[in-house]
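Keep in mind that the numbers below use all heavy atoms, side chains included, and drop hydrogens, waters and symmetry copies. Atoms within each ligand, like the ligands themselves, are counted from 1 in listed order. Along the sequence shown, the residues carry numbers beginning at 1.
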Amino acid sequence: MALQTDPSIIYGLATGYTGRLRKQDLKADGPYNTYTRAGLPPTPIALPGQAALDAATRPGLSAALYFVSRGDGTSEFSNNLADHNRAVDKFIRGIDGAGKSTHLQWFRERLELKLKPAGAAVIVTREPGGTVLGEALRELLLHQPMQLETEALLMFATRYEHLATVIEPALKRGDWVLSDRFTDASFAYQGGGRGLALTRLAALETWVQGDFQPDLTVLFDIPTEIANQRRGLARTPDKFERESDAFFTRVRAEYLRRADETPDRFVLVDAARSIAKIQQELENVIVSL
Ligand SMILES: Nc1ncnc2c1ncn2[C@@H]1O[C@H](COP(=O)(O)OP(=O)(O)OP(=O)(O)O)[C@@H](O)[C@H]1O
Ligand SMILES: Cc1cn([C@H]2C[C@H](O)[C@@H](COP(=O)(O)O)O2)c(=O)[nH]c1=O
């Protein structure tokens, strides 16, 4: 297994390091890139002080095998890969670039305010995930290599569980459901991005959800180059985030094709604009609901 540690890359970049590690830095091979090369870098990458030398020669007792920066000068330590991936998800991921996580939280708060008098709850969920089984499968889907067909089937398997145990019961209760991604993502990523026949995805869509469709889908549309800059903040990219620009351009094209196909269901948001401008537009969406 590769060491995959950012400080070695930063050391290798020398004066080329601008204070922010980008996705392309992780991909650029070099003697200090511990993502592309196995083993230790060729030289030490720091001049350690007395405390660090003491810690190396007399390490504290711990079962931890992994760590990830919390971004506040401290680190989150984990004993196994599943916990580590969850910690990475929490502290580093969340950066796909379009800004949907940023706006989802805000959207939820606004919607809750609107629904409060009616007493309806807002359930926020996500795909892949949203259930105990779905979250376990998410780990595999985001981090394990697998056949394209397996990936598509697992996406729809998590969706079946999600619909049956979370979404449908919530809608029956009269609650509102906000899902961070749904079936359009399968068409965009497995279909557009990876090239699985759309007819196969359409068959799975019918099997898993019948004629169920979200009432409204907000598509945060963003050119690949801008998404790249924002995604550049992600330091430990998952399987999807490691994909090429061409992949993301195809993903975007398929999202736009889906929006074009069923325009009544979609609100297309130009996500390249400022957060304030986007929220102005989302405010109008909430008013119209
Ligand atoms: N309109 C915007 N202008 C500038 N920066 C933005 C904008 N929207 C989001 N960002 C920033 O871009 C980064 C990515 O945003 P966010 O995590 O919301 O993306 P995402 O599409 O939800 O990604 P993921 O799907 O991985 O969670 C964050 O650092 C966020 O602060
Ligand atoms: C539902 C769904 C998701 N994906 C991909 C898209 C993203 O890269 C990840 C999920 O990560 P996020 O931070 O929650 O956006 O999974 C997919 O390929 N197919 C799908 O159906």
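Short contacts between ligand 1 and Thr102, defined as distances under 4.0 Å to a heavy atom of the residue, involve ligand atoms 9 (C), 15 (O), 16 (P), 18 (O), 30 (C). Under a 4.0 Å criterion applied to the non-hydrogen atoms of Arg159, ligand 2 contributes the atoms 1 (C), 21 (O). With ligand atoms numbered from 1 in the order given, ligand 2 contributes 1 (C), 2 (C), 3 (C), 19 (N), 20 (C), 21 (O) to contacts under 4.0 Å with heavy atoms of Ala185. Residue Arg273 has at least one heavy-atom neighbour below 4.0 Å for each of these atoms of ligand 1: 1 (N), 2 (C), 3 (N). Close approach of ligand 1 to Ser274 is summarised as follows: ligand atoms under 4.0 Å from at least one heavy atom of the residue are 1 (N). Interface of Glu127 with ligand 2, defined as ligand atoms under 4.0 Å from a residue heavy atom, comprises 1 (C).
With a 4.0 Å cut-off on non-hydrogen atoms, Ile278 touches ligand 1 through its side chain and not its backbone. Residue contacts with ligand 1 for Arg181 involve side-chain atoms from C-beta outward but no N, CA, C or O (heavy atoms, distance under 4.0 Å). The part of Arg138 lying near ligand 2 is the side chain, judged by heavy-atom distances below 4.0 Å.
Arg250 has no carboxylate O lying under 4.0 Å from a charged side-chain N of Glu254, or vice versa, which leaves the two without a salt bridge. For Glu135 and Arg126, the salt-bridge test passes: some basic side-chain N is under 4.0 Å from an acidic carboxylate O. Using a 4.0 Å cut-off between charged side-chain N and carboxylate O, Glu261 and Arg257 make a salt bridge.
When the heavy-atom distances from atom 22 (O) of ligand 1 to Ser101, Gly99, Ala272 are ranked, the shortest goes to Ser101. Residue nearest to atom 10 (C) of ligand 2, selected from Glu241, Arg181, Arg126, Glu243: Arg181 (by heavy-atom distance). For the residues Gly130, Pro128, Ser101, the heavy atom positioned nearest atom 3 (C) of ligand 2 is part of Pro128.
Environment of CZ in Arg200: sparse, with no more than 12 heavy atoms of neighbouring residues, nucleotides or ligands closer than 6.0 Å. Counting heavy-atom neighbours within 6.0 Å of Asp215 CG, excluding the residue itself, gives a total of 12 or less.
Residues Leu137 and Pro128 have side chains not in contact (no heavy-atom distance under 4.5 Å, counting atoms from C-beta outward).
Considering both main-chain and side-chain atoms, His103 never comes within under 3.5 Å of ligand 1 through any nitrogen or oxygen pair. Inclusion of Gln190 in the set of residues having an N or O under 3.5 Å from an N or O of ligand 2 is warranted. Checking only distances, Asp180 never comes within under 3.5 Å of ligand 2, N or O to N or O. Ligand 2 has no N or O atom lying under 3.5 Å from any N or O atom of Asp238, backbone or side chain.
Gln213 and Glu205 share a side-chain donor-acceptor pair at under 3.5 Å. With 3.5 Å as the limit, one finds no donor-acceptor pair spanning the side chains of Thr131 and Thr165.
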Intermediate values then yes/no, side-chain contact (heavy atoms from CB on, under 4.5 Å), Thr183 and Arg258: CA-CA 10 Å; Thr183 306; Arg258 293 273 289 177; 4.3 Å; yes

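One N or O on the side chain of Thr158 and one on the backbone of Met155 form a donor-acceptor pair closer than 3.5 Å.
Both tests hold for Arg159 against Phe156: distance to the six-membered ring centre under 6.0 Å, angle to the ring axis within 45°.
Ring geometry for Phe220 against His103 counts as parallel: the plane angle stays under 30°, on a 0 to 90° scale with 60° as the upper cut.
The closest approach between a heavy atom of Lys277 and any atom of ligand 1 is not below 4.0 Å. At a 4.0 Å cut-off, not a single heavy atom of Lys239 sits close enough to ligand 2 to count as contact. Contact annotation: Glu151 has no heavy atom less than 4.0 Å from any atom of ligand 2.
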